[in-house]
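See structure below.
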Number of protein chains: 2
Amino acid sequence: MKFGLKGKLAKKESRLEAIRDAHSVQGRTSHTYRMEDYLEVIYELIKEKGYASAVDISEYLNVSSPSVTKMMQRLDESGHLNYEKYRGIMLTDQGASVAKSMHERHNLLVEFLKMIGVKDEVANRDAEGIEHHLHPETLKKLEQFVKYWKKGKKANK
Amino acid sequence: MKFGLKGKLAKKESRLEAIRDAHSVQGRTSHTYRMEDYLEVIYELIKEKGYASAVDISEYLNVSSPSVTKMMQRLDESGHLNYEKYRGIMLTDQGASVAKSMHERHNLLVEFLKMIGVKDEVANRDAEGIEHHLHPETLKKLEQFVKYWKKGKKANK
DNA sequence: TATCAAAGTTAGCTTGGGCTAAACTAATAA
DNA sequence: TTATTAGTTTAGCCCAAGCTAACTTTGATA
Ligand SMILES: [Mn+2]
Ligand SMILES: [Mn+2]
Ligand SMILES: [Mn+2]
Ligand SMILES: [Mn+2]
């Protein structure tokens, strides 16, 4: 069909070129993957106990408490939370938004992985790694897919 | 049903506990994710041109050539390749095995992502990140799923 | 009110991975 | 054979993230 290509004239790249392109995507965001992990845990802790102490963060991320302190300082510096020495932390809007995003990605991934038969523990393990590497487009498509699969399991057409 | 649980008595963990478990999986392998990326590119280069020069590696990983040299030394040290100053490198069996594994994971992921409607470029980008975070069980389940889907699509036409 | 343990912080170190500038090698061209 | 130069390596730096040991703060209890 004459007008059917819809901009899909994307001259097929070699695998190496695809890899080059993938590795040349720079500075995506103003935070690291590790920051995302800390924010995620802080978010879950606040949801579950109302606050996030350093010992708890350190337990659930499996790091020492000095590492937690240092990261709190960085996250304060980057505007993801307000940190007051010895007193505690509070997520800023920016921090909460990143955290919530991680929570949702993790949810979606675990749901998908379990859907294709991966065991709970492994699903969570892999989700914890994968959650940081999803382009918004992928996220959207995966959401659609999971929704479709849940419904159409039999109505499948 | 009395005997239907098949060991699935896995007392449901809280999200935080799942995250703790995920983050407490240590020393998986004797190499880092970054090493996997280098090995993958080296593998593709050898497949395509017969050898892997530092300039090419540096181009496709988007890093400087001193960074390549340093990593070659590490990979030699860790037994993934044989490195001879100024002369070149050769993958060992260990290195080739890691490299091939990355190649296959990348393939599988791109296939899956395109399957759910993600565009080529984005699929490759995300695959490049995700490929390092797949448990063998996940890998197997994803393979099965993709195979099943390919068939079903045809059967379903 | 004074004490003390638990929680948090600081100091100082390590490691992986990155960079630029400068030095070196090896293959080719003259 | 020598000079040139592209490709490679070394030196020396940076940063994120981790750790242990030592110190400080806070809040509860005597
Ligand atoms: Mn997560
Ligand atoms: Mn994570
Ligand atoms: Mn890849
Ligand atoms: Mn990769």
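The sequence lines fix the lettering, A, B, ..., with proteins before strands; numbering per chain opens at 1. This structure is a prediction, so every number in the text was calculated from the model and none was measured.
No side-chain N or O of A:Asn62 forms a donor-acceptor pair with one of B:Ser24 less than 3.5 Å apart.
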Item checked: Contact state string [nucleotides 11-22 of chain D, B base, S sugar-phosphate only, - no protein heavy atom under 4.0 Å] -> -----SBBBBB-

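Put simply, CD on B:Glu77 is 11 Å from P on C:dG16, counting in whole angstrom units. A:Ile57 has its CD1 atom 14 Å from the P atom of C:dA7, to the nearest Å. Atoms CD (A:Glu59) and P (C:dG8) sit 13 Å apart, rounded to a whole Å. When rounded to the nearest whole Å, the span between CG of B:Asp56 and P of D:dA6 equals 16 Å.
Ring geometry, B:Phe145 versus A:Phe112: the interplanar angle exceeds 60°, so the pair is classed perpendicular (tilted spans 30 to 60°). Below 30°, between 30° and 60°, or above 60°: for B:His31 and B:His80 the angle between ring planes is above 60°, a perpendicular geometry.
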Next item on the list: Kindly determine whether B:Tyr43 and B:His103 satisfy ring-ring contact (aromatic ring centres under 6.0 Å, His included), including the steps that lead there.
Entry: CA-CA 8 Å; B:Tyr43 174 83; B:His103 177 79; 5.4 Å; yes

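The phosphate of C:dT10 has OP1 or OP2 within less than 4.0 Å of a side-chain N or O from A:Gln73.
Put simply, A:Leu61 and A:Val98 are part of the same group of oily side chains (I, L, V, M, F, W, Y) that touch within less than 4.5 Å, one to the next. Linking ILVMFWY residues whenever their side-chain heavy atoms come closer than 4.5 Å, directly or via other members, leaves B:Leu81 and B:Met90 in distinct clusters.
Within residues 80-97 of chain A, the residues approached by DNA chain D to less than 4.0 Å at the level of any non-hydrogen atom are A:Tyr86, A:Arg87, in residue-number order.
Between B:His23 and the choices A:Arg125, A:Glu59, A:Glu128, the side-chain hydrogen bond (donor to acceptor under 3.5 Å, both in side chains) rule is met once, by A:Glu128.
Judged by distance alone, the side chain of A:Arg105 and the main-chain N or O of A:Leu134 form a donor-acceptor pair under 3.5 Å.
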